[in-house]
Amino acid sequence: MPTARRITLSTWPTPLEPAPRLSAALGLRPDDLWVKRDDLSGLAGGGNKIRKLEYTCAAAVDAGAEVLVTSGAPQSNHARLTAAAAARLGLSAVLVLEGDPPSSERGNLLLDRLLGAEVTWAGEVDAAGLAAAVTAQVEQLRGSGRRVYEVPFGGSSPLAAHGYLDAADELRQQAPGLAHLVVALGSGGTMAGLVAGLGAERVLGVHTGAVEQPTETVQELLAGMGAGAGASLRIRQDQVGAGYGTLTDAVHHALRLAARTEGLVLEPTYTGRALAGLVAAVADGDIAPGSQVVFLHSGGLPGLFGHPELARLAEGS
Ligand SMILES: Cc1ncc(COP(=O)(O)O)c(C=O)c1O
(Lines give C-alpha, C1' and ligand atoms only; values in the text may rest on other atoms or scores of the structure.)
Protein backbone atom coordinates (compact mmCIF):
# COMPACT_ATOMS: atom_id res chain seq x y z
CA MET A 1 0.00 0.00 0.00
CA PRO A 2 1.41 3.44 -0.84
CA THR A 3 2.34 5.49 2.22
CA ALA A 4 0.56 8.79 2.68
CA ARG A 5 1.63 11.96 4.48
CA ARG A 6 0.45 12.32 8.04
CA ILE A 7 0.30 15.23 10.49
CA THR A 8 0.71 14.15 14.11
CA LEU A 9 -2.27 15.22 16.23
CA SER A 10 -1.71 13.01 19.30
CA THR A 11 0.86 10.95 21.19
CA TRP A 12 1.27 7.37 19.97
CA PRO A 13 1.12 4.48 20.61
CA THR A 14 -2.00 4.36 22.76
CA PRO A 15 -1.79 1.91 25.67
CA LEU A 16 -3.03 -1.68 25.65
CA GLU A 17 -4.42 -2.54 29.08
CA PRO A 18 -5.51 -5.86 30.59
CA ALA A 19 -9.18 -6.15 31.63
CA PRO A 20 -9.25 -9.32 33.81
CA ARG A 21 -12.46 -8.58 35.73
CA LEU A 22 -14.43 -7.71 32.60
CA SER A 23 -12.93 -10.74 30.86
CA ALA A 24 -14.14 -13.10 33.60
CA ALA A 25 -17.57 -11.42 33.69
CA LEU A 26 -17.91 -12.11 29.94
CA GLY A 27 -17.08 -15.80 30.42
CA LEU A 28 -13.53 -15.55 29.10
CA ARG A 29 -10.33 -16.40 31.01
CA PRO A 30 -9.08 -13.45 33.07
CA ASP A 31 -6.01 -12.92 30.87
CA ASP A 32 -7.88 -13.19 27.53
CA LEU A 33 -9.26 -9.64 27.25
CA TRP A 34 -7.27 -6.46 26.61
CA VAL A 35 -8.42 -2.94 25.86
CA LYS A 36 -6.72 -0.77 23.23
CA ARG A 37 -7.13 2.70 24.68
CA ASP A 38 -7.64 4.89 21.62
CA ASP A 39 -9.92 6.95 23.86
CA LEU A 40 -6.70 8.18 25.47
CA SER A 41 -5.42 9.77 22.26
CA GLY A 42 -4.83 13.29 23.36
CA LEU A 43 -6.74 15.82 21.25
CA ALA A 44 -9.95 17.40 22.64
CA GLY A 45 -11.31 14.39 24.51
CA GLY A 46 -9.68 11.76 22.27
CA GLY A 47 -11.05 8.97 20.13
CA ASN A 48 -10.58 6.95 16.95
CA LYS A 49 -11.26 9.86 14.61
CA ILE A 50 -7.89 11.43 15.41
CA ARG A 51 -5.93 8.71 13.61
CA LYS A 52 -8.02 9.26 10.48
CA LEU A 53 -7.77 13.05 10.68
CA GLU A 54 -3.97 12.86 10.75
CA TYR A 55 -4.08 11.79 7.09
CA THR A 56 -7.07 13.86 5.96
CA CYS A 57 -5.67 17.02 7.52
CA ALA A 58 -2.28 16.46 5.87
CA ALA A 59 -4.09 16.33 2.50
CA ALA A 60 -6.09 19.46 3.41
CA VAL A 61 -2.98 21.42 4.39
CA ASP A 62 -1.15 20.26 1.25
CA ALA A 63 -4.11 21.47 -0.82
CA GLY A 64 -3.80 24.92 0.80
CA ALA A 65 -7.15 24.70 2.61
CA GLU A 66 -8.32 27.38 5.02
CA VAL A 67 -11.60 25.76 6.03
CA LEU A 68 -12.50 22.14 6.84
CA VAL A 69 -16.14 21.26 6.16
CA THR A 70 -17.59 18.02 7.48
CA SER A 71 -20.91 16.46 8.47
CA GLY A 72 -22.42 14.11 11.00
CA ALA A 73 -25.08 13.39 13.58
CA PRO A 74 -25.74 16.12 16.17
CA GLN A 75 -23.48 14.32 18.68
CA SER A 76 -20.81 13.44 16.12
CA ASN A 77 -17.44 12.69 17.72
CA HIS A 78 -15.90 13.09 14.30
CA ALA A 79 -17.29 16.63 13.96
CA ARG A 80 -15.89 17.56 17.39
CA LEU A 81 -12.45 16.20 16.53
CA THR A 82 -12.47 17.88 13.09
CA ALA A 83 -13.13 21.16 14.92
CA ALA A 84 -10.24 20.39 17.28
CA ALA A 85 -7.85 19.43 14.46
CA ALA A 86 -8.76 22.63 12.61
CA ALA A 87 -8.00 24.68 15.73
CA ARG A 88 -4.67 22.86 16.18
CA LEU A 89 -3.72 23.63 12.57
CA GLY A 90 -4.93 27.23 12.46
CA LEU A 91 -7.83 26.43 10.13
CA SER A 92 -11.56 27.11 10.42
CA ALA A 93 -14.19 24.35 10.71
CA VAL A 94 -17.78 24.30 9.47
CA LEU A 95 -19.88 21.38 10.74
CA VAL A 96 -23.05 20.45 8.86
CA LEU A 97 -25.15 18.43 11.30
CA GLU A 98 -28.36 16.43 10.82
CA GLY A 99 -31.48 17.74 12.48
CA ASP A 100 -32.56 21.07 13.90
CA PRO A 101 -30.85 23.21 16.52
CA PRO A 102 -31.56 21.71 19.98
CA SER A 103 -32.99 23.84 22.76
CA SER A 104 -29.87 23.25 24.87
CA GLU A 105 -26.38 22.32 23.70
CA ARG A 106 -24.71 19.39 25.44
CA GLY A 107 -21.89 16.92 24.94
CA ASN A 108 -20.04 17.14 21.64
CA LEU A 109 -22.11 20.09 20.50
CA LEU A 110 -20.92 22.19 23.40
CA LEU A 111 -17.31 21.26 22.59
CA ASP A 112 -17.85 22.07 18.88
CA ARG A 113 -18.69 25.64 19.90
CA LEU A 114 -15.90 25.85 22.46
CA LEU A 115 -13.45 24.77 19.75
CA GLY A 116 -14.65 27.64 17.57
CA ALA A 117 -16.45 25.66 14.86
CA GLU A 118 -19.37 27.09 12.94
CA VAL A 119 -22.34 24.73 13.21
CA THR A 120 -25.07 24.65 10.56
CA TRP A 121 -28.20 22.46 10.69
CA ALA A 122 -29.36 20.40 7.71
CA GLY A 123 -32.83 19.59 9.13
CA GLU A 124 -34.32 16.07 9.23
CA VAL A 125 -32.50 14.62 6.20
CA ASP A 126 -31.30 11.21 5.02
CA ALA A 127 -27.71 10.52 3.95
CA ALA A 128 -28.29 12.01 0.48
CA GLY A 129 -29.91 15.11 1.97
CA LEU A 130 -26.98 15.61 4.33
CA ALA A 131 -24.51 15.23 1.45
CA ALA A 132 -26.50 17.83 -0.52
CA ALA A 133 -26.38 20.24 2.44
CA VAL A 134 -22.58 19.79 2.60
CA THR A 135 -22.24 20.46 -1.14
CA ALA A 136 -24.33 23.63 -0.79
CA GLN A 137 -22.18 24.80 2.13
CA VAL A 138 -18.93 24.08 0.27
CA GLU A 139 -20.18 25.96 -2.84
CA GLN A 140 -21.23 28.92 -0.75
CA LEU A 141 -17.83 29.12 0.97
CA ARG A 142 -15.96 28.71 -2.33
CA GLY A 143 -18.22 31.39 -3.86
CA SER A 144 -17.05 33.79 -1.18
CA GLY A 145 -13.40 33.02 -2.01
CA ARG A 146 -12.54 30.56 0.80
CA ARG A 147 -10.27 27.57 0.13
CA VAL A 148 -12.29 24.60 1.38
CA TYR A 149 -11.40 20.96 2.05
CA GLU A 150 -14.30 18.57 2.51
CA VAL A 151 -13.69 15.89 5.13
CA PRO A 152 -15.97 12.90 4.38
CA PHE A 153 -18.88 11.81 6.57
CA GLY A 154 -17.56 10.15 9.71
CA GLY A 155 -14.04 10.97 8.53
CA SER A 156 -13.85 7.76 6.51
CA SER A 157 -12.08 7.47 3.17
CA PRO A 158 -9.41 5.09 1.88
CA LEU A 159 -6.82 7.77 2.73
CA ALA A 160 -8.18 8.29 6.26
CA ALA A 161 -8.28 4.54 6.92
CA HIS A 162 -4.46 4.59 6.83
CA GLY A 163 -4.76 5.86 10.41
CA TYR A 164 -5.91 2.38 11.40
CA LEU A 165 -3.07 0.74 9.52
CA ASP A 166 -0.93 2.62 12.05
CA ALA A 167 -3.04 1.21 14.89
CA ALA A 168 -2.62 -2.28 13.39
CA ASP A 169 1.17 -1.77 13.48
CA GLU A 170 0.94 -0.83 17.16
CA LEU A 171 -1.17 -3.91 17.91
CA ARG A 172 1.25 -6.23 16.12
CA GLN A 173 3.88 -5.07 18.65
CA GLN A 174 1.60 -4.92 21.69
CA ALA A 175 -0.47 -8.08 21.12
CA PRO A 176 1.41 -10.53 18.87
CA GLY A 177 -1.02 -13.32 19.81
CA LEU A 178 -4.14 -11.33 18.93
CA ALA A 179 -6.98 -13.59 17.74
CA HIS A 180 -9.99 -11.24 17.83
CA LEU A 181 -10.15 -7.44 17.67
CA VAL A 182 -13.62 -6.07 18.42
CA VAL A 183 -14.47 -2.67 17.02
CA ALA A 184 -17.55 -0.45 16.55
CA LEU A 185 -18.46 0.00 12.89
CA GLY A 186 -19.83 3.44 12.00
CA SER A 187 -18.70 5.00 8.73
CA GLY A 188 -16.30 2.05 8.35
CA GLY A 189 -12.82 3.58 8.09
CA THR A 190 -11.65 2.22 11.42
CA MET A 191 -12.59 -1.36 10.58
CA ALA A 192 -11.26 -1.04 7.02
CA GLY A 193 -7.82 0.08 8.20
CA LEU A 194 -7.68 -2.69 10.80
CA VAL A 195 -8.71 -5.34 8.27
CA ALA A 196 -6.11 -4.03 5.83
CA GLY A 197 -3.46 -4.23 8.55
CA LEU A 198 -4.40 -7.40 10.45
CA GLY A 199 -6.49 -9.49 8.05
CA ALA A 200 -10.27 -9.94 7.91
CA GLU A 201 -10.32 -13.08 10.03
CA ARG A 202 -9.09 -11.30 13.18
CA VAL A 203 -11.36 -8.22 13.10
CA LEU A 204 -14.97 -8.34 14.35
CA GLY A 205 -16.96 -5.21 13.47
CA VAL A 206 -20.14 -4.40 15.36
CA HIS A 207 -22.58 -2.45 13.17
CA THR A 208 -23.96 0.65 14.93
CA GLY A 209 -26.61 1.57 12.36
CA ALA A 210 -24.67 4.64 11.18
CA VAL A 211 -24.74 3.49 7.54
CA GLU A 212 -27.27 1.37 5.65
CA GLN A 213 -24.89 -1.20 4.16
CA PRO A 214 -22.00 -1.83 6.56
CA THR A 215 -20.41 -4.71 4.65
CA GLU A 216 -20.44 -2.86 1.31
CA THR A 217 -19.19 0.30 3.04
CA VAL A 218 -16.12 -1.45 4.47
CA GLN A 219 -15.52 -3.39 1.23
CA GLU A 220 -15.52 -0.16 -0.79
CA LEU A 221 -13.01 1.45 1.57
CA LEU A 222 -10.79 -1.64 1.33
CA ALA A 223 -10.99 -1.57 -2.45
CA GLY A 224 -10.02 2.11 -2.39
CA MET A 225 -6.99 1.22 -0.26
CA GLY A 226 -6.04 -1.53 -2.70
CA ALA A 227 -6.23 -4.02 0.19
CA GLY A 228 -8.23 -7.06 1.20
CA ALA A 229 -11.15 -6.41 -1.15
CA GLY A 230 -13.38 -9.46 -1.46
CA ALA A 231 -12.25 -10.78 1.91
CA SER A 232 -14.98 -12.33 4.03
CA LEU A 233 -15.67 -9.69 6.69
CA ARG A 234 -16.83 -10.52 10.22
CA ILE A 235 -19.63 -8.03 10.94
CA ARG A 236 -22.35 -8.45 13.58
CA GLN A 237 -25.56 -6.68 12.70
CA ASP A 238 -27.54 -7.78 15.76
CA GLN A 239 -26.86 -4.82 18.07
CA VAL A 240 -28.57 -1.94 16.23
CA GLY A 241 -31.93 -2.36 17.99
CA ALA A 242 -34.38 0.42 17.18
CA GLY A 243 -31.69 2.32 15.28
CA TYR A 244 -28.49 4.36 15.44
CA GLY A 245 -27.86 5.88 18.86
CA THR A 246 -30.77 4.18 20.62
CA LEU A 247 -30.18 2.62 24.03
CA THR A 248 -30.85 -1.13 23.88
CA ASP A 249 -30.96 -3.38 26.95
CA ALA A 250 -27.80 -5.13 25.73
CA VAL A 251 -25.95 -1.82 25.39
CA HIS A 252 -27.21 -0.67 28.79
CA HIS A 253 -25.93 -3.93 30.33
CA ALA A 254 -22.57 -3.57 28.54
CA LEU A 255 -22.10 0.00 29.80
CA ARG A 256 -22.71 -1.02 33.41
CA LEU A 257 -20.50 -4.10 33.09
CA ALA A 258 -17.46 -2.18 31.78
CA ALA A 259 -17.91 0.61 34.32
CA ARG A 260 -18.40 -1.68 37.31
CA THR A 261 -15.72 -4.29 36.56
CA GLU A 262 -12.91 -2.10 35.21
CA GLY A 263 -13.85 1.56 35.81
CA LEU A 264 -14.04 1.79 32.02
CA VAL A 265 -16.60 4.29 30.76
CA LEU A 266 -18.20 3.52 27.38
CA GLU A 267 -21.06 5.35 25.64
CA PRO A 268 -24.26 4.00 24.08
CA THR A 269 -23.79 4.81 20.38
CA TYR A 270 -20.46 3.14 19.51
CA THR A 271 -18.34 1.56 22.23
CA GLY A 272 -21.30 0.29 24.28
CA ARG A 273 -22.63 -1.40 21.13
CA ALA A 274 -19.22 -2.88 20.39
CA LEU A 275 -19.05 -4.40 23.88
CA ALA A 276 -22.64 -5.68 23.54
CA GLY A 277 -21.44 -7.33 20.31
CA LEU A 278 -18.53 -8.95 22.18
CA VAL A 279 -20.93 -10.24 24.86
CA ALA A 280 -23.09 -11.76 22.09
CA ALA A 281 -20.02 -13.22 20.31
CA VAL A 282 -18.92 -15.01 23.49
CA ALA A 283 -22.49 -16.21 24.13
CA ASP A 284 -22.84 -17.74 20.66
CA GLY A 285 -19.32 -19.21 20.59
CA ASP A 286 -17.86 -16.98 17.85
CA ILE A 287 -15.27 -15.99 20.46
CA ALA A 288 -14.20 -18.77 22.84
CA PRO A 289 -12.18 -18.66 26.09
CA GLY A 290 -8.43 -19.20 25.71
CA SER A 291 -7.73 -16.81 22.83
CA GLN A 292 -6.47 -13.23 23.01
CA VAL A 293 -9.23 -10.68 22.49
CA VAL A 294 -8.65 -6.94 22.12
CA PHE A 295 -11.54 -4.52 22.54
CA LEU A 296 -10.94 -1.18 20.82
CA HIS A 297 -12.04 1.66 23.08
CA SER A 298 -12.60 4.22 20.35
CA GLY A 299 -13.58 7.11 22.63
CA GLY A 300 -16.78 9.12 22.41
CA LEU A 301 -17.17 10.07 26.08
CA PRO A 302 -18.61 13.53 25.25
CA GLY A 303 -21.42 11.71 23.39
CA LEU A 304 -22.46 10.12 26.69
CA PHE A 305 -23.23 13.57 28.05
CA GLY A 306 -25.21 14.44 24.94
CA HIS A 307 -27.28 11.24 24.87
CA PRO A 308 -31.06 11.72 25.15
CA GLU A 309 -31.30 8.92 27.75
CA LEU A 310 -28.41 10.17 29.87
CA ALA A 311 -30.46 10.09 33.08
CA ARG A 312 -31.24 6.36 32.62
CA LEU A 313 -27.70 5.26 31.86
CA ALA A 314 -26.45 4.72 35.41
CA GLU A 315 -29.65 3.00 36.58
CA GLY A 316 -30.02 -0.72 37.15
CA SER A 317 -28.06 -3.34 39.03
C1 LIG B 1 -16.52 6.75 19.49
C2 LIG B 1 -16.59 6.15 18.13
N3 LIG B 1 -16.24 4.86 17.97
C4 LIG B 1 -16.30 4.25 16.77
C5 LIG B 1 -16.75 4.93 15.64
C6 LIG B 1 -16.81 4.21 14.34
O7 LIG B 1 -15.72 4.55 13.54
P8 LIG B 1 -15.86 4.53 11.95
O9 LIG B 1 -16.75 5.69 11.58
O10 LIG B 1 -14.49 4.67 11.45
O11 LIG B 1 -16.50 3.25 11.58
C12 LIG B 1 -17.13 6.27 15.77
C13 LIG B 1 -17.66 7.00 14.59
O14 LIG B 1 -18.26 8.02 14.67
C15 LIG B 1 -17.04 6.91 17.02
O16 LIG B 1 -17.38 8.20 17.18
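We count residues from 1, following the sequence as given. Note that the structure is a prediction, hence the values are computed from the model and not measured. All ligand and atom numbering here is 1-based and tracks the order in the structure.
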### Task
Check side chain to side chain contact (heavy atoms under 4.5 Å, CB included) between P15 and all other residues, then give those that pass, not counting sequence neighbours.
E17, R37, L40

### Task
Without swapping roles, check the side chain of E66 against the backbone of R146 for a donor-acceptor pair under 3.5 Å.
no

### Query
Salt-bridged, D32 to R29, with N to O below 4.0 Å?
no

### R51 charged N/C atom sitting above Y164 aromatic ring, 6.0 Å / 45°
yes

### Test side chain to side chain contact (heavy atoms under 4.5 Å, CB included) applied to M191 and V195, step by step
CA-CA 6 Å; M191 181 169 180; V195 167; 4.0 Å; yes

### Message
Within a 6.0 Å radius of atom CZ on R21, are there more than 12 heavy atoms belonging to other residues, nucleotides or ligands?
### Response
no

Enumerate, one pair per line, all nitrogen or oxygen atoms of ligand 1 lying under 3.5 Å from a protein nitrogen or oxygen, stating the separation to 0.1 Å; write 'none' if no such pair exists.
residue  : atom   : partner : partner atom : Å
ligand 1 : 3 (N)  : S298    : OG           : 2.6
ligand 1 : 7 (O)  : N48     : ND2          : 3.0
ligand 1 : 7 (O)  : T190    : OG1          : 3.4
ligand 1 : 9 (O)  : K49     : NZ           : 2.8
ligand 1 : 9 (O)  : S187    : N            : 2.8
ligand 1 : 9 (O)  : S187    : OG           : 2.6
ligand 1 : 10 (O) : K52     : NZ           : 2.6
ligand 1 : 10 (O) : G189    : N            : 3.4
ligand 1 : 10 (O) : T190    : N            : 3.0
ligand 1 : 10 (O) : T190    : OG1          : 2.7
ligand 1 : 11 (O) : G186    : N            : 2.7
ligand 1 : 11 (O) : S187    : N            : 3.2
ligand 1 : 11 (O) : G188    : N            : 2.8
ligand 1 : 14 (O) : K49     : NZ           : 3.0
ligand 1 : 14 (O) : Y270    : OH           : 3.1
ligand 1 : 16 (O) : N77     : ND2          : 2.8

